[in-house]
Amino acid sequence: DAGVTQSPTHLIKTRGQHVTLRCSPISGHKSVSWYQQVLGQGPQFIFQYYEKEERGRGNFPDRFSARQFPNYSSELNVNALLLGDSALYLCASSYLSRPTADTEAFFGQGTRLTVV
Amino acid sequence: DAKTTQPNSMESNEEEPVHLPCNHSTISGTDYIHWYRQLPSQGPEYVIHGLTSNVNNRMASLAIAEDRKSSTLILHRATLRDAAVYYCIFTRYNAGNMLTFGGGTRLMVKP
């Protein structure tokens, strides 16, 4: 079975540009979450989507947005890129019959975004 | 914020047991305790989770203190592949995948 897949794996963008990152969850998983991991730190929660609705949002500016599609795949969009947005962006999926913490999250390998 | 305290780094010899401690003094009665690990250049990987009782799976054991303010992840026989950053997280029961990662413990395994 395929795990969580993210695309692209690497990306270089210029300050002020916009970027779209994509995530396909494990088949049957209805919940997708996004995390940002700056070099040397633990991942920071950005968004959680469950059944195509936003269920949680971390402490990130409005330049960050996301959505989940009917097939449960997801996109993370970042506008007006800053140098500080350079990071590894991780997507995680879970099989949730309800939004409970009594389950495990499966992470993808991430998208490495570099803003120059 | 759901804050945990872990040592920055630990060292172990290959094939010996490893006990990774975590303090979570602000945990509430319905919060779950999760452990994830992250190998170099990879996304985090689920290790184990629990609520009140000790838990065992094929990867590790989780020992939860009676007052639930601390827990210990036990790797029974460390291998070189276990060298990673280990994150202890506690999560509100209705939080789903909203995991609050701290700095974690970097485990080094010596051959």
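In what follows, every chain begins at residue 1, and chains take the letters A, B, ... in the order their sequences are listed.
Looking at A/Gln41, the atoms closer than 4.5 Å to chain B (heavy atoms on both sides) all sit in the backbone: N, CA, C or O. For A/Gln37, the part lying near chain B is the side chain, with the backbone staying farther off; criterion is any non-hydrogen pair under 4.5 Å. For A/Phe47, no part lies under 4.5 angstrom from a heavy atom of chain B.
Remark: A/Arg63 CZ is packed, more than 12 non-hydrogen atoms of other residues, nucleotides or ligands lying under 6.0 Å away. Counting non-hydrogen atoms of neighbouring residues, nucleotides and ligands closer than 6.0 angstrom, the CZ atom of B/Arg77 reaches no more than 12 such neighbours.
Using bins of under 30°, 30° to 60° and over 60° for the plane-to-plane angle, the ring pair B/Tyr32/B/His49 lands in the tilted bin.
The choice from B/Gly50, B/Gly43, B/Ser41 that makes the most heavy-atom pairs within less than 4.5 Å of chain A is B/Gly43. Among A/Ser33, A/Gly58, A/Ala105, the residue with the largest count of heavy-atom pairs under 4.5 Å with chain B is A/Ala105.
The distance between the ring centers of B/Tyr87 and B/Tyr36 does not fall below 6.0 angstrom.
For the pairing with A/Tyr35, the ring-ring contact (aromatic ring centres under 6.0 Å, His included) check across A/Phe60, A/Phe45, A/Tyr89 returns one residue only, A/Phe45.
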